[in-house]
There are 2 protein chains.
Amino acid sequence: MNIGDVSARCGLPAKTIRYYEDIGFIKPLRDSNGYRVFRPVELHKLAFLGRARALGFTIEDCRALLALWEDKGRASADVKRISNGHLAMIDTKIADLQEMRATLSNLVEACAGDDRPDCPILKQLSSN
Amino acid sequence: MNIGDVSARCGLPAKTIRYYEDIGFIKPLRDSNGYRVFRPVELHKLAFLGRARALGFTIEDCRALLALWEDKGRASADVKRISNGHLAMIDTKIADLQEMRATLSNLVEACAGDDRPDCPILKQLSSN
DNA sequence: TATGGGGTCTCCCCCCACTGGAAGGTCAAG
DNA sequence: CTTGACCTTCCAGTGGGGGGAGACCCCATA
């Protein structure tokens with residue numbers, strides 16, 4: 001299978017697939033013309049990576065998850081630990097965004113949004 | 001005022017202040033020794049930028065907000081439009097993160113997290 | 001006067017996770 | 001034989017700075 005087929009099947013851009021090879025996630029064979037040749041194992045790994053990335057796992061998390069996935073004697077505790085760590089990161093980000101949202105939302109509601117220059121948003125941003 | 005004093009007062013690292021000069025947010029004077037000399041106007045701008053960045057506005061949003069802040073004849077509608085746009089971005093990000101969180105949370109709860117290799121998280125990530 | 005410590009300068013590379021584009025080789029259809 | 005789609009490598013850029021090198025500069029103390 002060539003990179004275009006793999007891209008269509010796993011939903012990752014060809015650029016990303018080449019990048020994943022660069023950083024050691026996959027090691028596709030090469031045809032005599034230099035083209036990458038993907039076997040089912042690479043396709044599965046790429047699909048795995050696509051799903052893990054869609055859940056927001058970092059590349060380094062993905063590296064660890066991929067290693068656990070390939071290790072048939074893994075402990076599920078290790079997977080759960082990584083996932084809980086990521087869940088905590090997500091919660092932190094959500095909390096930060098919600099705080100921003102609350103502040104900004106109040107300011108927006110207080111702003112007339114008309115032709116006049118008076119603006120509580122700018123006033124708050126320039127408050128000493 | 002030197003960059004260290006400004007940094008302490010507005011809470012931005014010196015590196016960030018130099019970067020903000022680079023991208024044209026401020027134009028501090030220079031002393032005969034080459035040191036940047038900050039006047040109150042630059043201090044105010046930097047504080048403004050610090051607060052806007054803390055609310056998650058992008059650098060380009062900040063550029064527009066700063067221009068409106070300096071324009072005494074601005075319409076508050078312009079400020080509100082930018083802020084509403086940013087609010088929409090925040091809402092999108094929150095929604096994305098909450099969706100990730102929901103999926104991942106379900107998986108984590110289903111995972112025993114013990115010594116055994118069986119793991120619903122990996123199973124889901126490798127599902128066809 | 002020497003010296004030591006801290007502040008500041010510019011410059012360049014690094015981070016994450018790709019993405020875009022240039023320049024060129026390859027393959028299959030018409 | 002040509003055309004166009006596909007593939008290759010390599011270089012540069014994104015956003016928003018951070019780290020650190022090497023060189024000045026300023027002030028206080030001995």
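Letters A, B, ... mirror the listed sequences (proteins, then strands); counts begin at 1. All values below were derived from every heavy atom in this structure, side-chain atoms included, with hydrogens, water molecules and symmetry-related copies excluded.
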Between [X] ([atom1]) and [N] ([atom2]), how many Å, whole number?
| X | N | atom1 | atom2 | value |
| --- | --- | --- | --- | --- |
| B:Asn33 | D:dC26 | CG | P | 5 Å |
| A:Glu60 | C:dA17 | CD | C1' | 11 Å |
| A:Asp31 | C:dT26 | CG | P | 12 Å |
| B:Tyr35 | D:dC25 | OH | P | 8 Å |
| A:Arg63 | C:dC16 | CZ | C1' | 13 Å |
| A:Leu12 | C:dC18 | CG | P | 8 Å |
| A:Ile3 | D:dT8 | CD1 | P | 5 Å |
| B:Ile59 | D:dT14 | CD1 | C1' | 13 Å |

The correct set of residues in residues 14-26 of chain B placing a heavy atom under 4.0 Å from DNA chain D is B:Lys15, B:Thr16, B:Tyr19, B:Tyr20
What about [X] and [Y], same hydrophobic cluster or not, with Ile/Leu/Val/Met/Phe/Trp/Tyr joined at side-chain heavy-atom distances under 4.5 Å?
| X | Y | answer |
| --- | --- | --- |
| A:Ile23 | A:Ile26 | yes |
| A:Ile82 | A:Ile59 | yes |
| A:Val108 | B:Leu68 | yes |
| B:Ile94 | A:Met100 | yes |
| B:Met1 | B:Ile3 | yes |

Within residues 38-55 of chain B, which residues have any heavy atom lying less than 4.0 Å from an atom of DNA chain C?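 Per residue number, the list is empty: none.
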Between A:Leu49 and A:Tyr20, is any pair of side-chain heavy atoms under 4.5 Å apart? yes
>> Does any part of the side chain of A:Arg36, heavy atoms only, come nearer than 4.5 Å to the side chain of A:Arg30, both counted from C-beta?
In response: yes
Of B:Gly4 and A:Thr58, the one whose closest nucleotide on DNA chain C sits nearer the 5' end is B:Gly4
**Asked** If you measure from the Lys or Arg side-chain nitrogens to the Asp or Glu carboxylate oxygens, is any gap between A:Glu60 and A:Arg63 under 4.0 Å?
**Response** yes
Checklist entry - Any ion pair linking B:Asp118 and B:Arg116 (charged N to carboxylate O, less than 4.0 Å)? => result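 Judged by the 4.0 Å cut-off on N to carboxylate O distance, B:Arg116 and B:Asp118 do not form a salt bridge.
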Using only side-chain N and O atoms of A:Arg36, determine if any of them is under 4.0 Å from OP1 or OP2 of C:dT26. no
Considering only heavy side-chain atoms of B:Asn2, the closest of C:dT8, C:dT19, C:dA17 is C:dT8
